Amino acid sequence: MEIPVVQKVLKLNDDIALLLRERFEQAGVVVFNFISAPGSGKTSLLETTIRHFRGRFAIAVIEGDPDSTLDAQRIARHGCPVVQIQTSGGCHLEANLVQRAIAQFDLDSLDALFIENVGNMVCPVEFDLGEHHRVVLVSTPEGSDKPAKYPKLFRTAGIILLNKCDLLPYVPFDRAQFDTYVQSVNPEHPAVSITATRPETCTAWFAWAEAKITGRMAVPAR
Ligand code: MG
Ligand code: ZN
């Protein structure tokens with residue numbers, strides 16, 4: 001039987017992702033794939049996180065966008081190694097793009113790699129980038145129905161961050177309904193409230209990320 005083209009693409013992607021994950025394991029670098037809609041605050045969270053871990057962990061960033069180097073410029077300002085992937089209109093990152101991007105880094109010297117996916121809640125879910133953890137963001141102006149509409153995204157999340165909680169008094173966001181939806185798709189990971197531009201609200205996120213990074217560093221290199 002003829003195999004559909006979409007499955008071929010995903011199979012190829014999975015094969016490359018497997019190689020990437022082995023490479024990351026060898027290098028002792030823990031990899032996070034940040035997925036959200038455009039404008040949820042991924043880049044802002046990365047900036048806050050880089051500042052928080054400065055001097056403690058060696059972090060590099062891969063930025064994915066359809067065009068421009070705007071987000072990479074924001075990251076570079078923090079003195080962080082960064083590669084911009086331009087997908088030329090493509091709406092998600094694929095493993096082969098990450099494979100080419102990591103050639104720009106000295107992986108063995110890194111503790112963590114943050115990959116900011118293209119802003120999109122649909123197809124990034126299907127494309128494994130060799131990451132260890134998926135960080136899913138949703139911001140309060142987007143509404144409380146997102147976990148019900150994009151269940152697979154929320155199901156595959158290692159952590160779910162509810163961003164822009166400072167706007168809660170001003171937007172019609174139903175926190176109880178949101179938590180109920182999250183509970184139904186990913187009962188192990190209740191959403192963590194943050195305001196990415198205010199580091200003092202991000203302590204639970206920092207603690208989670210730190211545990212993942214130090215946990216990986218403690219594993220002896222093979
Ligand atoms: Mg961004
Ligand atoms: Zn896509």
Side-chain angles (χ1 to χ4, degrees), residues 4-17 20 31-53 59-101 104 112-131 133-142 146 149-157 159-167 194-199 202 205 209:
V5 170
V6 169
Q7 287 188 9
K8 281 186 189 168
V9 170
L10 285 175
K11 173 74 170 74
L12 178 63
N13 186 80
D14 286 348
D15 290 346
I16 298 170
L20 283 175
V31 181
F32 302 83
N33 182 3
F34 290 72
I35 305 178
S36 80
S40 300
K42 294 185 295 300
T43 315
S44 295
L45 180 66
L46 289 183
E47 292 188 88
T48 298
T49 306
I50 289 163
R51 269 197 301 266
H52 178 76
F53 287 133
I59 295 170
V61 173
I62 294 175
E63 282 291 341
D65 282 297
D67 208 334
S68 92
T69 56
L70 292 171
D71 282 357
Q73 290 174 43
R74 286 171 63 183
I75 299 299
R77 265 184 238 135
H78 301 276
C80 188
V82 58
V83 173
Q84 177 79 51
I85 296 176
Q86 293 174 351
T87 60
S88 313
C91 50
H92 58 269
L93 291 181
E94 295 184 18
N96 70 85
L97 296 170
V98 172
Q99 192 176 40
R100 275 188 275 166
Q104 304 294 319
L113 173 64
F114 295 157
I115 302 174
E116 180 180 334
N117 219 307
V118 178
N120 180 350
M121 299 179 99
V122 183
C123 38
V125 180
E126 307 297 336
F127 288 84
D128 185 358
L129 303 180
E131 75 269 19
H133 307 287
R134 283 188 173 175
V135 179
V136 172
L137 273 85
V138 59
S139 65
T140 55
E142 295 167 51
K146 291 296 172 291
K149 289 184 176 177
Y150 305 95
K152 192 167 180 185
L153 172 63
F154 287 84
R155 195 179 309 126
T156 59
I159 188 168
I160 297 166
L161 300 174
L162 179 63
N163 190 25
K164 307 188 191 179
C165 282
D166 57 335
L167 298 182
I194 61 167
T195 296
T197 51
R198 297 185 187 173
C202 298
W205 150 249

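As the structure lists them, so they are numbered: ligands from 1, and atoms in each ligand from 1. In this text the structure is predicted, and so the values were computed from the model without any measurement.
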Inset, instruction - Could you please give the number of protein N/O/S atoms within less than 2.8 Å of the Mg ion (ligand 1)? - result: 3

Legend entry - Under 3.5 Å side-chain donor-acceptor pair for Q84 and D71: no

Inset, instruction - Taking atom types as modelled, find out whether E94 and H92 have a side-chain donor-acceptor pair closer than 3.5 angstrom. - result: yes

Inset, instruction - Name all residues meeting the side chain to side chain contact (heavy atoms under 4.5 Å, CB included) criterion together with V136; count only those two or more places apart in sequence or in a different chain, and write none if there are none. - result: L153, F154, A157

Legend entry - Test item: V118 and P66 side chains (from C-beta on) under 4.5 Å apart, heavy atoms: yes

Legend entry - N117 side-chain N/O to P124 backbone N/O, donor-acceptor pair under 3.5 Å: no

Inset, instruction - Would you check if the side chain of N163 reaches a backbone N or O of A196 as a donor-acceptor pair within less than 3.5 Å? - result: yes

Legend entry - Spacing of E116 atom CD and S36 atom OG [to the nearest 0.5 Å]: 7.5 Å

Just distance, no hydrogens or angles: give the donor-acceptor pairs under 3.5 Å from side chains in residues 72-81, sequence neighbours left out.
from, atom 1, to, atom 2, distance (Å)
Q73, NE2, T69, OG1, 2.8
R74, NE, E47, OE2, 3.0
R74, NH2, S44, OG, 3.1
R74, NH2, E47, OE2, 2.7
H78, NE2, E47, OE1, 2.8

Inset, instruction - Begin with the C-alpha distance, continue with both residues' side-chain angles, and end with the deciding distance and a verdict on side-chain contact (heavy atoms from CB on, under 4.5 Å) for V31 and V98. - result: CA-CA 11 Å; V31 181; V98 172; over 6 Å; no

Legend entry - Closer than 2.8 Å to the Zn ion (ligand 2) - protein N, O or S atoms, ordered by chain and residue number: C91 SG, H92 ND1, C123 SG

